[in-house]
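Have a look at the structure below before the remarks.
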Amino acid sequence: MTLRIYNDLHHKKENFEPLEPGKVRMYVCGMTVYDYCHLGHARVVVVFDVVYRYLKARGYEVTYVRNITDIDDKIIQRANEQGIPFHQLTKKFIDAMHEDFDALGVLRPTMEPRATEHLEEIIRMIQALIDKGHAYQAENGDVYYDVRSFPEYGKLSGKSIDDLEAGARVEPGEGKRDPLDFALWKAAKPGEPAWDSPWGKGRPGWHIECSAMSTSALGDTFDIHGGGADLTFPHHENEIAQSEGATGHPFVRYWMHNGFVRVKEEKMSKSLGNFFTIRDILARFRPEEVRYFILTSHYRSPLNYDEEHLVNARKALDRLYTALRGLPQAEPGEADKYVEAFNAAMDDDFNTPEALAVLFELVREINRVRPENEEKAARMAAELKRLGDILGILQEEPEAWLKGAPSGSEGLTDEQIEALIQQRLEARKAKNWSEADRIRDELKAQGIVLEDSPQGTTWRRE
RNA sequence: GGCCUGGUGGCAGAGUGGUUAUGCAGCGGCCUGCAAAGCCGUGUACCUCGGUUCGACUCCGGGCCAGGCCUCCA
């Protein structure tokens, strides 16, 4: 079977063939760290975390690079507002970002390069662009990319230079030869953080850092470049112009962009102010619920944020964990049909909704088999858990999950619940059904669901 | 204005030229002291108008609607 990936460069699914057999080099645009991450950021990192996990599960050796933009206009502005050095601000939000992503079960990338630690590569690439006639220094000291010098400009976003030209704005005092030209190096203004360069003190533009860090880590040409769909233009278009202009080699083989998170049919974004930070959401929902919710829609489709959907995610996960509950440890097996279907779904451009559907089909089979053949059910359950791991779910102890309370909730302790269950057991022995039902109703009112079986009574929080 | 996505059942959300998505919710049954969980069964669907086809939700064209990019944005 062949893995197929929707390549945004050609607007179609293509067979995935890495540059070097058995190895995958992948770069994803990470965060600009001037604030807490919101659900839109969570989607990018979860989506590409699943890509990373699946490629590894498929046997590839994956080098996964996700950068951190730790110097830019917004960072400087925010640091000035707070009266602190910019690196103090970025440290705070890098730490917060790691906390959030770790909570969501996102594996750390192979490398997390920061712009401020790669000035040398950035400067070298800008110099190469100047040497090859793709860039120039303007009178104000800034260095700009000469878009007209790169005939293929627009090939990723499907825009023509002339169309862009019509709508382009010219900011006064920028010194660009052409309104479409973009800054590679920004000359320092008084009081701004600055680094030495052949063009005087200044700092790198946003686009060049990704080109420099990706190619220095992964080579002139690498396999996958990902990011949010809003980066297609101009960020990724500019990356292509910079990297191919500087190296003379093709830059990226497969471009992948994930769709937006929406709130009431509108893009969730900082500028619209309709965003929910990851930590806001994790105060009310468990990380795995958020992760599951993200994976219920295909990565290129829009994802509508709504608390009801998180509640639904919880119920769906309950069903998966219920199938795992109470089965002995076993080696994965007896589920080849489902494993094949799962892989087929993932091979089809990482179709996680389809892959999840396969998991539920496997669950039904486990529940059917369990009464007759617990050993077999256990092997199938182990397979379910292994597949879940590829999506980054189902790794908790089923009992712990099912008894787990939603974040931030209060209520009865486990001990109080167990005590009430004991009381009810006594009542049931005495066939005092009304008392038994009273206790069960009382617990139900507290969000505790009891389940009687021949093996005894189990409970869970709903 | 230019360019790009998408419009599926009560909700969410895949997919396919003629056959059950899946989850939640609903309904009937089994199980249960009664429930819950689970299992079995079941209903509601493919924006609109044309076209291609033996046959289209699925392909093509128009329309309507929604979202996005064209400026920082994951």
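Chain letters run A, B, ... following the sequence lines, proteins first, then strands; residues in each count from 1.
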**OP:** Report which part of the nucleic acid A:Gly30 touches: base, sugar-phosphate, or nothing (heavy-atom distance under 4.0 Å, all strands).
**Re:** sugar-phosphate
**OP:** Both distances under 3.5 Å, Watson-Crick or G-U wobble: report the partner of B:G28, or none.
**Re:** B:C40
**OP:** Whole angstrom is fine here: how far is it from CG in A:Asn258 over to P in B:C69?
**Re:** 13 Å
Original post:
Would you call A:Glu399 and A:Lys403 a salt bridge, taking side-chain N to carboxylate O under 4.0 Å as the test?
Top reply: yes
Original post:
Any side-chain N or O of A:Thr232 less than 4.0 Å from the OP1 or OP2 oxygen of B:C4?
Top reply: no
Original post:
When you check the phosphate oxygens OP1 and OP2 of B:G68, does a side-chain N or O of A:Arg262 lie under 4.0 Å from one of them?
Top reply: no
Original post:
Does any donor-acceptor pair link the side chain of A:Arg319 with the base of B:C24 at a separation under 3.5 Å?
Top reply: no
Original post:
Do A:Arg440 and B:A35 share a donor-acceptor pair, side chain to base, under 3.5 Å?
Top reply: yes
**OP:** Indicate, with a heavy-atom threshold strictly under 4.0 Å, whether A:Arg325 touches base, sugar-phosphate, or nothing.
**Re:** nothing
**OP:** Could you check whether A:Arg370 gets within reach of a base, just the sugar-phosphate, or nothing at all, counting any heavy atom under 4.0 Å?
**Re:** nothing
Subject >> Worked verdict on A:Val47 versus A:Thr352 for side-chain contact (heavy atoms from CB on, under 4.5 Å) >> reply: CA-CA 9 Å; A:Val47 160; A:Thr352 55; over 6 Å; no
Original post:
On a whole-Å scale, what distance lies between the P atoms belonging to B:C34 and B:C47?
Top reply: 46 Å
Original post:
What integer number of Å spans the C1' atoms of B:G38 and B:A45?
Top reply: 28 Å
Subject >> Near-parallel close stack of A:Phe260 and B:G67 base (under 5.5 Å, under 30°) >> reply: no
Subject >> Separation between the C1' atoms of B:U8 and B:A12, rounded to whole Å >> reply: 12 Å
Original post:
With a 4.0 Å cut-off on heavy atoms, is A:Val261 in touch with a base, just the backbone sugar-phosphate, or nothing at all?
Top reply: base
Original post:
Can you find a donor-acceptor N/O pair under 3.5 angstrom joining the side chain of A:Lys159 to the base of B:C69?
Top reply: yes
**OP:** In whole angstrom, give me the gap between the C1' atoms of B:U16 and B:G10.
**Re:** 24 Å
Subject >> Nearest-angstrom distance from the residue atom CG of A:Asn238 to P of B:C69 >> reply: 16 Å
Original post:
Roughly how far apart, to the nearest Å, are B:G15 and B:A56 at atom P?
Top reply: 22 Å
**OP:** Find which nucleotide of RNA chain B each of A:Asn304 and A:Gly227 is nearest to by heavy atoms, and output the residue with the more 5' nucleotide.
**Re:** A:Asn304
Original post:
When the aromatic ring centroids of A:His257 and A:His236 are compared, is their separation below 6.0 Å?
Top reply: yes
Subject >> Value in whole Å for how far the P atom of B:G15 lies from CE of A:Met346 >> reply: 13 Å
Original post:
side chain to side chain contact (heavy atoms under 4.5 Å, CB included) with A:Met346: which of A:Leu387, A:Asn351, A:Val358, A:Val50?
Top reply: A:Val50
Original post:
Which nucleotide, in any strand shown, forms a Watson-Crick or G-U wobble pair with B:U53, with both distances under 3.5 Å?
Top reply: none
Original post:
Which whole number of Å gives the distance between the P atom of B:C49 and that of B:C64?
Top reply: 15 Å
Original post:
Reckon A:Asn367 touches a base, only the sugar-phosphate, or nothing at all at heavy-atom distances under 4.0 Å?
Top reply: sugar-phosphate
**OP:** Output yes when a side-chain donor or acceptor of A:Gln82 lies under 3.5 Å from a complementary backbone atom of A:Leu89, and no otherwise.
**Re:** no
Original post:
Touch check for A:Lys315, heavy atoms < 4.0 angstrom, all strands: base, sugar-phosphate only, or nothing?
Top reply: sugar-phosphate
Original post:
Which nucleotide sits closest to the side chain of A:Ser297: B:G13, B:A74, B:U22?
Top reply: B:G13
Original post:
Between B:A74, B:A21, B:C70, which nucleotide gets closest to the side-chain atoms of A:Pro234?
Top reply: B:C70
Original post:
A:His236 NE2 to B:C69 P: how many Å, rounded?
Top reply: 14 Å
**OP:** Could you please name the option among B:A21, B:C70, B:A74 that lies closest to any side-chain atom of A:Leu164?
**Re:** B:C70
**OP:** Using a 4.0 Å heavy-atom cut-off across all strands, classify A:Glu451 as base, sugar-phosphate, or nothing.
**Re:** base
**OP:** Taking only the side-chain heavy atoms of A:Glu266 (C-beta and beyond), determine which of B:G68, B:A14, B:A74 contains the nearest atom.
**Re:** B:G68
Subject >> Rounded distance (Å) that lies between atom P of B:G23 and atom OH of A:Tyr321 >> reply: 18 Å
Original post:
Pick the nucleotide of RNA chain B nearest each of A:Asp437 and A:Ala229; which residue has the one closer to the 5' end?
Top reply: A:Asp437
Original post:
Does the base of B:C72 carry an N or O that pairs as donor and acceptor with the side chain of A:Lys74 under 3.5 Å?
Top reply: yes
Original post:
So which nucleotide from B:G23, B:A37, B:A74 ends up closest to the side chain of A:Val44?
Top reply: B:A74
**OP:** Check every strand shown and say whether A:Thr458 touches a base, only sugar-phosphate, or nothing at a heavy-atom separation below 4.0 Å.
**Re:** nothing
Subject >> Nearest to side-chain heavy atoms of A:Arg364, which nucleotide of B:G67, B:C39, B:A37 >> reply: B:C39
Original post:
Can you find a side chain N or O atom of A:Lys267 that sits less than 4.0 Å from OP1 or OP2 on B:C69?
Top reply: yes
Original post:
On a whole-Å scale, what distance lies between the P atoms belonging to B:G51 and B:U58?
Top reply: 14 Å
Original post:
Does A:Asn312 have a side-chain nitrogen or oxygen under 4.0 Å from the phosphate oxygens OP1 or OP2 of B:A25?
Top reply: no
Subject >> Strand partner of B:U22, provided both Watson-Crick or wobble distances fall under 3.5 Å >> reply: B:A12
Original post:
Could you state the CG-P distance from A:Asp181 to B:U71, rounded to the nearest angstrom?
Top reply: 13 Å
Original post:
Contact class for A:Asp452 (heavy atom, under 4.0 Å): base, sugar-phosphate, or nothing?
Top reply: base
Original post:
Do the charged groups of A:Lys176 and A:Asp146 touch, with an N to O distance under 4.0 Å?
Top reply: no
Original post:
How many Å lie between CH2 on A:Trp255 and C1' on B:U5, as a whole number?
Top reply: 19 Å
Original post:
According to the Watson-Crick and G-U wobble definitions, with both distances under 3.5 Å, which nucleotide is paired to B:A66?
Top reply: B:U5
Original post:
With the threshold set at 4.0 Å, does a side-chain nitrogen-carboxylate oxygen contact exist between A:Arg314 and A:Asp318?
Top reply: yes
**OP:** Taking the six-membered ring for Trp and the full ring for Phe, Tyr or His, determine whether the centres of A:Tyr144 and A:Phe182 are under 6.0 Å apart.
**Re:** no
Subject >> Sugar-phosphate only, base, or nothing, as touched by A:Asp73 at under 4.0 Å among non-hydrogen atoms >> reply: nothing
**OP:** Mind calculating the distance between CD (A:Glu365) and C1' (B:C40) to the nearest angstrom?
**Re:** 14 Å
Original post:
Nearest of B:A66, B:G33, B:A12 to any side-chain atom of A:His309?
Top reply: B:A12
Original post:
Which value, in whole Å, describes the distance between the C1' atoms of nucleotides B:G6 and B:C46?
Top reply: 14 Å
**OP:** Quick one: label A:Leu450 by what it contacts on the DNA or RNA (base, sugar-phosphate, nothing), any heavy atom closer than 4.0 Å.
**Re:** base
Original post:
Across the strands shown, which category fits A:His298 at heavy-atom distances under 4.0 angstrom: base, sugar-phosphate, nothing?
Top reply: sugar-phosphate
Original post:
Taking the six-membered ring for Trp, are A:Tyr64 and A:Tyr52 parallel (under 30°), tilted (30 to 60°) or perpendicular (over 60°)?
Top reply: tilted
Subject >> Cation over ring face, A:Arg286 and A:Trp401, 6.0 Å, 45° >> reply: yes
